[in-house]
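Have a look at the structure below, then the notes.
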Amino acid sequence: MADGPKNLLKKDAREVSEDLYKVKSELKFSAKNYCMEYYFGNKNEGKVIDWNSTLHDLQLCFGVKEFLVIAPQSASGVVLDAPEASKLLSAVAIALSNCSCLWPAFVPVHVPSRKAYIGIQNMGTVFTRRFEADHIGSQVPVKLMHLEGLYELFVSKFAYSTLDFSMHLFKVHFTMKLTYRSLPHDDDVQGDDPNVTESEIDLGGDTHNRTQWDDDCPWSEWYSAEDPIKGFELVAIWSEKVVESSLEMAELENYSPHEAQNWILSPDMSSSLTDSSKGNRIGFASQLCLLLEALNMSFEAQFMEDFVSVENPGSDNLKSSLVIPPPTVIDRVLKELFHDGARFPDVAAAENKTARAIKGAPLESLFAQFCLHSLWFGNCNIRAIAVIWIEFVREVRWCWEESQPLPLMPTTGPIDLSTCLINQKLHMLAICIERKRQLNEDFQDCIGSQDHSSPQIEEDGLDEDSSSIMQTPGENFDGKRDSSPATSDDSQHSENSVSIVSTKSEDAEPTNLKPSDCIRRGSAGVAGPMMLLKSYQSMHAPFTQEAPLMTEDMHEERLHAVEAFGDSYNFSAQLEKEILASDMSAFKAANPDSVFEDFIRWHSPGDWESDDTKETGSSKSPAIEGSKADWPPQGRLSKRMSEHGNLWRKIWNDAPALPASEQKPVMDPNREGEKILHYLETVRPHQLLEQMVCTAFRASASTLNQTSYGGLKQMATKMDQLYITMTSALRPLQANPLSPGSETIEDIRRLCGVFEHVEKLLAIAASLHRKFLQAPRLSEAIFSDCCSFYFPRMGTSSSGDNAQKEFDKKQPVRAHERLVVSNMFTPPTANQSWRKVLSLGNLLNGHEPILREIIFSKRDKISGNHYAARTPTIYQEEVETYRMYTCGTSNDLRVALSVVSCD
């Protein structure tokens with residue numbers, strides 16, 4: 001008492017709850033040991049009773065702020081002997097009086113289950129307050145289950161026992177708090193209407209799947225998560241009012257909770273959110289940890305077959321510990337990958353904007369879906385992965401040999417080098433399959449066709465009049481080979497040869513004075529106003545073959561080859577010789593009277609230096625140079641192109657005039673396809689697992705990122721932070737060769753913990769969003785509380801007071817949100833309510849409160865009392881002379897009474 005709260009907080013005071021601390025002292029009397037505990041708050045101002053705050057049991061029961069508890073240090077912790085309890089309490093009261101201390105003191109009595117106390121408080125020189133609390137554990141009298149009976153019980157403490165309480169008026173202050181709890185989700189599932197269930201069974205419906213809370217969540221394809229919000233507790237509070245008769249109390253029992261002044265909502269959170277024990281929760285994070293263990297074991301063999309081969313001496317240990325699912329499961333997985341999922345991917349809509357920084361496969365690609373299936377194949381051990389990979393490659397080879405399209409892989413477009421190498425290979429293989437199929441169709445068409453159209457000589461003016469698609473100098477045409485057989489007719493080539501990139505077409509009038517003696521083939525249209533140097537004809541842009549597609553390893557091989565030779569320019573030209581020769585042949589076919597300089601002006605305008613002698617203003621642009629008004633064009637080749645023995649001129653001299661449709665393909669799809677299959681069949685296990693880890697993380701995060709959680713900005717921030725963390729942790733997998741047990745693997749193992757935390761928060765966000773679609777403010781407020789409470793605790797050990805603390809955050813419900821909240825308390829079905837007889841009243845959609853707390857109080861002016869004459873200035877206000885707190889259900893009742901007397 002001398003130290004005061006501030007000094008006690010600096011010493012050894014221990015926090016009990018919010019703004020409640022305690023210090024204790026041990027003492028011995030005779031053969032017994034006692035413990036004395038002093039409870040106090042740092043803020044002593046304000047009201048004593050506040051339903052919204054977390055109060056100590058004795059504060060709630062008796063309306064005190066600071067108090068003293070003295071109890072024996074025994075197994076029960078209570079005083080079992082009534083004389084001993086009285087003597088102990090008297091000794092404490094005398095000691096407090098001698099110290100002029102007004103603290104109330106309590107002694108626990110009887111047995112611990114009764115939560116019984118007796119207490120006393122010296123209120124000065126005049127008044128004394130006595131306390132008593134007890135508990136009925138069973139067989140509560142029916143009268144005391146109702147408000148009317150509890151009111152009469154309180155009145156009996158100060159009114160004459162001979163009075164008929166129902167006929168007299170007593171002004172009693174009354175406040176009440178009712179707690180409702182929603183039914184668990186499992187109970188809702190069991191409570192389906194029998195008639196509906198039968199009809200669903202007749203129709204072959206699966207009622208269980210449709211009743212899962214996360215059926216529409218993106219992860220439900222892979223696993224079903226426990227609802228992190230098991231239910232809600234709703235507290236309805238009636239603020240203080242004056243009641244004068246038991247009839248008023250009987251009417252109050254029929255009131256709806258909607259008439260209560262305050263509603264406070266708190267979620268009942270699952271204990272698994274803070275339980276980080278291994279195997280406690282199944283989700284993407286748990287499977288990613290297993291995949292990481294498989295990566296750690298992948299260094300033990302040179303090929304994937306070694307993990308399942310009977311000839312491998314180390315396979316016996318693997319077989320005993322690592323199981324493989326039966327063949328039916330393998331067939332189901334392959335069927336889902338190659339038959340059920342054969343659709344064109346919509347990658348852009350599925351992934352986060354930062355997902356491309358992770359070198360994996362896009363979510364809706366074939367390899368990403370394989371990785372996701374592998375996470376759930378068996379227990380994701382290295383043997384199971386080896387089995388499914390071997391079967392996967394076998395199925396890919398079948399697609400190749402039968403010219404069947406690879407599912408989930410585009411058959412056009414450039415190779416995305418930002419993805420993993422296996423995805424690049426599969427993309428290139430899909431393109432090879434398509435080109436192989438087209439070549440086969442072309443061959444069959446050529447065999448079956450006996451009629452050939454005769455070539456027609458095309459006038460240059462006719463091409464200029466026609467609506468054609470042109471290409472400006474320096475622009476490359478991309479496209480694919482058409483399946484129709486090639487002819488020498490120009491218009492036929494425009495349809496049957498290689499497709500091109502569209503360019504602007506300009507109106508041009510026929511200006512040729514004489515037709516060409518040669519046949520023009522493979523023209524894509526006039527190339528702007530440019531004219532040929534040696535012939536007064538417009539330059540035509542040809543259809544060209546696509547540049548050969550290359551994966552990342554092919555680019556690296558080419559770079560290494562360039563570095564191995566000194567003259568990088570000439571060697572680079574040598575590597576591009578096939579493409580260059582193809583373009584030159586197509587240009588010659590489209591422009592029969594062209595020369596080498598014409599090709600340079602079209603293909604590489606930077607290597608053509610035009611004369612500006614006729615210009616007085618700015619220099620001519622490449623589009624205007626060589627126009628019909630200025631024919632013949634004036635200029636010269638650049639220095640590098642005019643050197644003796646130039647490689648480009650040599651290729652030009654050797655290139656025949658062939659349109660793209662008649663040329664040999666630059667990329668041989670058969671050769672490239674076999675090379676890709678060889679890579680897939682011989683890939684090193686650790687290289688495969690490294691790419692699988694990156695892809696599995698990216699695909700799992702992208703799957704979770706599709707979850708709908710409304711406007712919860714904190715969740716969006718957490719997801720963005722997860723992608724950044726994944727990018728940083730997974731980058732070493734694509735940069736440096738790994739070794740077993742390296743620091744990188746430990747970093748990724750920690751990443752699994754972060755992933756698990758975000759996955760749990762995402763489940764909370766999704767659950768809240770579905771429950772509060774019409775009350776988004778509540779979902780945002782509750783989720784904010786969850787983030788601040790759970791995220792620091794997720795993954796930490798359970799030792800310590802803070803880790804043991806349960807989620808107890810509450811949110812006030814506004815008037816317009818009450819309907820949304822009350823709808824969560826669905827009326828109980830017959831199966832749920834037949835066991836229970838409703839007895840407490842104040843029903844909410846058929847639910848009675850699980851707990852009813854009431855405070856009765858009576859206040860009197862004591863200025864007229866003869867004891868008060870000595871201190872008239874202190875006791876001029878009303879004093880709470882009687883106070884009774886009741887807390888109970890239909891099965892038990894606890895009553896705490898405090899009485900002020902003048903003795």
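Starting from 1, each residue takes its place in the sequence as its number.
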query = Just by distance, do the side chain of Gln545 and the backbone of Val666 share a donor-acceptor pair under 3.5 Å?
reply = yes
request  = Using the test side-chain contact (heavy atoms from CB on, under 4.5 Å), find all partners of Pro656 that sit at least two apart in sequence or belong to another chain.
outcome  = Ser585, Leu658
request  = List the steps and the verdict of side chain to side chain contact (heavy atoms under 4.5 Å, CB included) for Ser661 and Phe543.
outcome  = CA-CA 8 Å; Ser661 59; Phe543 288 106; over 6 Å; no
note = Rounding to 0.5 Å, atoms CG (Leu421) and CG (Leu688) come to a distance of 11.0 Å
request  = Report yes if the side chains of Phe303 and Arg684 come closer than 4.5 Å at any heavy-atom pair, otherwise no.
outcome  = yes
task = Evaluate the side-chain proximity of Ile330 to Phe377: yes if any heavy-atom separation is below 4.5 Å, no if none is.
result = yes
key: Pairwise side-chain contact, Met554 with Thr551, heavy-atom cut-off 4.5 Å (strictly under)   = yes
task = Without swapping roles, check the side chain of Glu434 against the backbone of Thr411 for a donor-acceptor pair under 3.5 Å.
result = no
message = Contact between Pro665 and Arg435 at the side-chain level, heavy atoms closer than 4.5 Å - yes or no?
response = no
ask   = If you take all heavy atoms of Ala586 and Pro542, which pair is closest and at what distance?
value = O-CB, 3.3 Å
task = Check side-chain hydrogen bond (donor to acceptor under 3.5 Å, both in side chains) between Asp416 and all other residues, then give those that pass, not counting sequence neighbours.
result = Arg356, Ser418
request  = Mark yes or no for whether Ser535, through its side chain, and Leu532, through its backbone, hold a donor-acceptor pair below 3.5 Å.
outcome  = no
request  = Give a yes or no on whether the backbone of Leu417 and the side-chain of Lys359 come within a donor-acceptor separation of less than 3.5 Å.
outcome  = yes
task = State which residues pass ring pair (Phe, Tyr, Trp, His ring centres under 6.0 Å) with Phe299; sequence neighbours excluded, sorted by chain then number.
result = His686
query = Should the pair Asp553-Lys425 be classified as a salt bridge under the 4.0 Å nitrogen-to-oxygen rule?
reply = yes
Can I get a per-line list of side-chain donor-acceptor pairs under 3.5 Å for residues 384-398, giving both atom names and the distance, sequence neighbours left out?
residue : atom : partner : partner atom : Å
Trp389  : NE1  : Leu680  : O            : 3.4
Glu391  : OE2  : Arg394  : NH1          : 3.0
Arg397  : NE   : Glu681  : OE2          : 2.8
Arg397  : NH1  : Glu401  : OE2          : 3.4
Arg397  : NH2  : Glu681  : OE2          : 3.4

Just list the side-chain donor-acceptor pairs under 3.5 Å for residues 669-679, sequence neighbours left out, or say none.
residue : atom : partner : partner atom : Å
Glu674  : OE2  : Trp400  : NE1          : 3.0
Tyr679  : OH   : Gln691  : NE2          : 3.3

inquiry  = Could you work out, with side-chain contact (heavy atoms from CB on, under 4.5 Å) as the rule, every residue matching Pro327, not counting sequence neighbours?
reply    = none
key: Closest approach of Ile431 to Pro410 (non-hydrogen atoms, all atoms of both residues)   = CG1-O, 4.2 Å
ask   = Is it true that a side-chain atom of Gln663 and a backbone atom of Asp583 form a donor plus acceptor pair closer than 3.5 Å?
value = no
inquiry  = Strictly by salt bridge (Lys or Arg N to Asp or Glu O under 4.0 Å), give each pair with a member in residues 366-377 just once, sequence neighbours left out.
reply    = none
remark   = Lys588 meets the salt bridge (Lys or Arg N to Asp or Glu O under 4.0 Å) criterion, sequence neighbours left out, with none
query = Is any side-chain heavy atom of Met530 closer than 4.5 Å to a side-chain heavy atom of Ser538?
reply = no
ask   = Quick check: does any side chain N or O of Gln404 sit under 3.5 Å from a backbone N or O of Cys399, one acting as donor and the other as acceptor?
value = no
remark   = What one should report as the nearest heavy-atom pair of Ala655 and Met584 is CB-CB, 4.1 Å
Side-chain donor or acceptor of Arg521 paired with backbone N/O of Ala589 under 3.5 Å = no
query = Looking only at heavy atoms, which two atoms of Thr419 and Pro362 are closest? And how far apart?
reply = CG2-CD, 3.8 Å
request  = Measure across His427 and Pro414 and return the closest heavy-atom pair with its distance rounded to 0.1 Å.
outcome  = CE1-O, 3.2 Å
query = Between Ser298 (side chain) and Leu295 (backbone), is there a donor-acceptor pair under 3.5 Å?
reply = yes
task = Show your working on side-chain hydrogen bond (donor to acceptor under 3.5 Å, both in side chains) between Asp598 and Ser594 and close with a plain yes or no.
result = CA-CA 6 Å; Asp598 291 324; Ser594 62; 5.1 Å; no
request  = Check whether any side-chain heavy atom of Ile358 lies under 4.5 Å from a side-chain heavy atom of Phe697, and answer yes or no.
outcome  = no
message = I need the Ser365 OG to Gln424 CD distance, nearest 0.5 Å.
response = 11.5 Å
ask   = So which heavy atom on Gly378 is nearest to which on Pro325, and how close?
value = N-CG, 3.3 Å
message = Does anything in residues 649-661 form a salt bridge (Lys or Arg N to Asp or Glu O under 4.0 Å)? List the pairs, not counting sequence neighbours.
response = Glu597-Arg649
task = Could you tell me whether a side-chain N or O of Ser604 sits under 3.5 Å from a main-chain N or O of Ile600, the two making a donor and an acceptor?
result = no
query = With a 4.5 Å limit on heavy-atom distance, are the side chains of Gln369 and Leu408 in contact?
reply = yes
note = Taken to the nearest 0.5 Å, the spacing of Met641 CE from Phe599 CZ works out to 8.5 Å
query = Only one of Phe596, Trp652, Trp648, Phe587 clears ring pair (Phe, Tyr, Trp, His ring centres under 6.0 Å) with His603; which?
reply = Trp648
Asp331: partners by salt bridge (Lys or Arg N to Asp or Glu O under 4.0 Å), with sequence neighbours left out = none
key: Full working for salt bridge (Lys or Arg N to Asp or Glu O under 4.0 Å) between Asp607 and Arg640   = CA-CA 8 Å; Asp607 287 308; Arg640 68 165 186 159; 2.7 Å; yes
task = Determine, stepwise, if the pair Ile433 / Leu429 fulfils side chain to side chain contact (heavy atoms under 4.5 Å, CB included).
result = CA-CA 6 Å; Ile433 291 174; Leu429 183 62; 4.2 Å; yes
query = Would you say Arg601 and Leu533 make side-chain contact, with heavy atoms under 4.5 Å?
reply = yes
message = Which residues pass the side-chain contact (heavy atoms from CB on, under 4.5 Å) test with Thr744, not counting sequence neighbours?
response = Pro732, Leu733, Leu738, Ser742, Ile748
key: side-chain hydrogen bond (donor to acceptor under 3.5 Å, both in side chains) involving Asn591 - partner list, sequence neighbours excluded   = none
query = Can you tell me how far SG of Cys371 sits from CD of Gln287, rounded to the nearest 0.5 angstrom?
reply = 13.5 Å
message = To the closest 0.5 Å, what do you measure between CD (Gln687) and OG1 (Thr682)?
response = 9.0 Å
request  = Report the distance from atom CD of Glu336 to atom CG of Leu334, rounding to the nearest 0.5 Å.
outcome  = 9.5 Å
ask   = Counting only N and O atoms by type, is there a donor-acceptor contact under 3.5 Å from the side chain of Ser582 to the main-chain atoms of Glu578?
value = no
query = Under the criterion side-chain contact (heavy atoms from CB on, under 4.5 Å), which of Leu375, Leu363, Thr695 is the partner of Ser700?
reply = Leu375
